[in-house]
Structure formats: C-alpha cells, structure tokens
Amino acid sequence: MLGPVILAASRSDKMRRFISAAPGTKQVVDRFIAGETVEQVVPIIEDAADKGLEVTLDVVGEDITTPAQAAAARDAYLELVGRLKDLGLGTRAEMSVKLSMFGQALEDGHELALANVRPVVEAAAAIGTTVTLDAEDHTTLDSMFAIHEELRKDYPQTGCVIQAYLFRTEDDARRLAAAGSRVRIVKGAYKEPASVAYQDKAEIDKAYVRILKTLMEGEGYPMIGSHDPRLIAIAQELGRKAGRKLDEYEFQMLYGIRSDEHIRLAAEGHRMRVYTAYGTDWYGYFMRRLAEKPANLLFFGRSILTKG
C-alpha cells in the first residue's frame, strides 16, 4: 500500500526538498499542473472551451500559517476572477477552493476562512460563474459544510465536495441532495484512519455507487469526479434511471489524466469539466496525484531515472 506512504510524505519538508530537486520532477509536475501564473493558464482555458470542455480552476497551496498568507490566497483567486471576466469565460470556468488556503486552520480559522472566501464567491457570481469548496481531511469537514451552508444563503449555486471513503458521507449526501446543492463526489485522497474511513478499495467503490445513486435521485446537481471507466458507466446508467438529461449532471476529471476521455464524453453530449490546478506551491497537490494511482508513481520514477 504505497498510497498512505506517499500521503505521509506530502507533509514532509525533507521529502518536499528532495522531490523538488529531482531531475525528472518538472516533467511530471507539468503533466498535472497547468502553469504557475494566471497568464500561463489562460491558453488552456481557451483551448478547453474550443473543445467543448469546461474547467474548474484551483490555485494550489494549502500550508497557510499566517493571516497574511490567507489574504494573499484570497487575492490570487480575485485576480483569477478578473482575468476570467476580461476573457468572457465566466460561464465556461468555475473555481475550486480549499478553505485551508483561506486560513481555516489558524486561530479563529472558521470565521477567517469564511471572511476570505466570501468575496471570491461574490466576485465569481458577478461574472456568471461559481465556486466549489473542496473537501480536505475529515477534521475540517464540519467547518467546510457550515461555511458552505452560510454562503448558499446568498449564493445558492456554491458547490461542495464529498468523499466516498468516509463513513459519514452517505448521511451528508442525503442532506445535500435534498437541499438542491451542486455536489462533487470523489473517492477521497487524504490519509484517513480506519475509525472514520473505508480502507479497502472495493468497499470505497461500493460506497461511491451508493452515494452517487442518492445524488442522482435527489434534487441537486451531481458532479462525478472519477477517471474509473466502470464508475463512469455506472453514473451514466444511474442518470438514465433517474430520468436526468445529460446537462443535469456532469463529469469531472483532472487535467493531464485521460484527456481522450474528456473529449469522448463531451462529444457524447455530456458536460465535462477539467479540474485544472496551477500555481507555484504544487507539492501537496502533486503528491496526492501520485498517491491516487500507482501508474502515476511509475511514470514519475521512470522520469527521474531517465533524467538522472
């Protein structure tokens, strides 16, 4: 089980320095990270729009230790909203945010994160787009869901993410489906203890399907975050059984992974959104991508050996 080891390494400063200095790192990072600045990401947004794809944009960075850093994260997203407005891409691109970037883990972090994320959500709404609150480890979720509920009072289109591997998620899904929320379901990419999360892949997949069925049969807008062909096919069947039209749910996949599948689903008439991360603080995001799929780790290893 390499995944938990890699996730532990994602919090190690020593490993961060080693990975950053490895000769093949940039080649692999460039596969998952679209660029370091807004300007580098703009052509990717435009290309996706030309192909009939939509995007959700994530300014990477999670280890916030001061209120000033949290304010800087807020300002980075506001800069992004400004560029989307200038390009007229508000209806093709939304944003995904991690509340840890907005100060959630700091003193009075719940109030600080809400205060920082609110202007981003407000600015997004003003240009015709929205924000989805990403899920992080289980200790942060009560705060995330409370902030989500508060934001939806004024901006009901604000989305959130639920993670199939957590025991609590089936209850969360029932509540959110009834509320008409925009909900992205993913398997989960944090190291969680057996007391709160399924550890076996087969059990996680079963939970994913149960939760997805709840979302499809509910009143909300499901967003299926998966690259798994079997789960994608199941989602299509559940959508048909629930009487949903193709624009009443969407698929989401990561930038740099299964790009041909992005095009195929869009060509079939599905809404297909590409989760596109950018920024300089890429390490934590990058390590979770390695942990999620052994093939990513093999690709990274081959790159280091080739470049070394």
Side-chain angles (χ1 to χ4, degrees), residues 31-35 38 41-60 77 80-81 83-84 87-98 120-121 124-125 127-135 148 155 157-164 176 180-189 208 211-212 215-216 220-229 231-236 238-239 244-279 285 288-289 292:
R31 174 180 175 177
F32 301 117
I33 303 294
V38 174
V41 176
V42 165
I44 293 170
I45 302 171
E46 293 175 324
D47 180 64
D50 290 343
K51 293 176 178 175
L53 304 173
E54 299 172 62
V55 299
T56 184
L57 297 161
D58 174 9
V59 184
V60 291
Y77 272 97
L80 172 58
V81 174
R83 289 299 289 132
L84 292 176
L87 294 165
L89 289 171
T91 59
R92 303 294 293 183
E94 64 156 43
M95 282 153 283
S96 290
V97 305
K98 291 179 175 59
V120 176
V121 174
I127 67 166
T129 190
T130 188
V131 171
T132 295
L133 306 183
D134 276 337
H148 175 245
Y155 307 100
Q157 70 274 31
T158 305
C160 70
V161 177
I162 56 177
Q163 301 167 103
L176 291 165
S181 302
R182 295 171 63 256
V183 183
R184 180 195 304 147
I185 175 175
V186 300
K187 290 185 180 181
Y208 192 107
I211 295 162
L212 182 54
L215 295 178
M216 285 292 194
Y221 179 76
M223 301 180 284
I224 301 99
S226 178
H227 305 95
D228 186 329
L231 289 179
I232 290 168
I234 290 171
Q236 291 172 313
L238 289 174
R244 286 183 177 264
K245 299 176 182 177
L246 295 187
D247 62 353
E248 293 178 338
Y249 63 96
E250 70 181 47
F251 291 100
Q252 296 192 2
M253 298 186 191
L254 297 172
Y255 172 81
I257 299 180
R258 301 200 71 200
S259 299
D260 56 340
E261 187 71 355
H262 304 174
I263 301 299
R264 184 187 72 81
L265 287 168
E268 289 183 357
H270 289 286
R271 295 189 70 180
M272 175 65 227
R273 191 178 302 276
V274 183
Y275 190 106
T276 305
Y278 75 96
Y285 179 89
R288 283 198 302 281
R289 301 294 77 78
E292 284 173 349

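Here the structure is a predicted model, which is why all the values come from computation and not from measurement. We count residues from 1, following the sequence as given. Below, all heavy atoms of this structure are taken into account, side chains as well, without hydrogens, waters or symmetry copies.
Nearest heavy-atom pair, Q163 versus A189, reported as atom, atom and distance to 0.1 Å: OE1-N, 4.2 Å. Here the shortest heavy-atom pairing between L57 and A93 reads CD1-CB, 4.1 Å. In terms of heavy-atom proximity, Y255 sits nearest to A34 at CE2-CA, 3.8 Å. The two residues F251 and A235 make their nearest non-hydrogen contact at CE2-CB, 3.8 Å. Across every non-hydrogen atom of H148 and T158, the tightest pair is NE2-O, 3.0 Å. Between D247 and Y221, the closest heavy-atom pair is O-CE1, 3.6 Å.
Side-chain atoms of L254 and F32, non-hydrogen and from C-beta on, never get closer than 4.5 Å to each other. Residues E268 and L246 are not in side-chain contact: their nearest non-hydrogen atoms beyond the backbone lie 4.5 Å or more apart. Between L212 and Y249, the closest side-chain pair of non-hydrogen atoms is not below 4.5 Å. The shortest distance between side-chain heavy atoms of Y208 and I224 falls below 4.5 Å. Side-chain contact between L89 and V42 is absent, with no heavy-atom pair separated by less than 4.5 Å. Inter-residue side-chain proximity for R184 and D134 is flagged as met; some heavy-atom pair is nearer than 4.5 Å. With a 4.5 Å cut-off on side-chain heavy atoms, V186 and Q252 do not count as touching. In this structure, the side chains of K187 and D228 come closer than 4.5 Å at one or more pairs of heavy atoms.
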Fill in: Worked check of side-chain contact (heavy atoms from CB on, under 4.5 Å) between V41 and V55
CA-CA 11 Å; V41 176; V55 299; over 6 Å; no

Worksheet item: Given the rule in the side-chain contact (heavy atoms from CB on, under 4.5 Å) test, do I44 and Y278 qualify, once you have shown the distances and angles that lead to the verdict?
Response: CA-CA 11 Å; I44 293 170; Y278 75 96; over 6 Å; no

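Between the side chain of H270 and the main chain of H262, no donor-acceptor pair closer than 3.5 Å is present. The backbone N or O of L231 sits nowhere less than 3.5 Å from a side-chain atom of S226 that would complete a donor-acceptor pair. R92 places a side-chain N or O within 3.5 Å of a backbone atom of L53 that can act as its donor or acceptor partner. Side chain of H227 to backbone of M253: no donor-acceptor contact under 3.5 angstrom is found. Within the 3.5 Å criterion, the main-chain N or O of M216 finds a donor-acceptor partner in the side chain of R244.
Each of L133, V183, T132, I185 was scored for a side-chain contact (heavy atoms from CB on, under 4.5 Å) with V161, with one residue passing: T132.
Between T129 and E94, the side chains place no donor N or O within less than 3.5 Å of an acceptor N or O (distance only, hydrogens not considered).
Here R264 contributes atom CZ and R258 contributes atom CZ; the two are 7.5 Å apart, rounded to the nearest 0.5 Å. Of the inter-residue distances, the one linking M223 atom CE with S96 atom OG reads 8.0 Å to the nearest 0.5 angstrom. Annotation: the span from I45 atom CD1 to T276 atom OG1 amounts to 7.5 Å, rounded to 0.5 Å.
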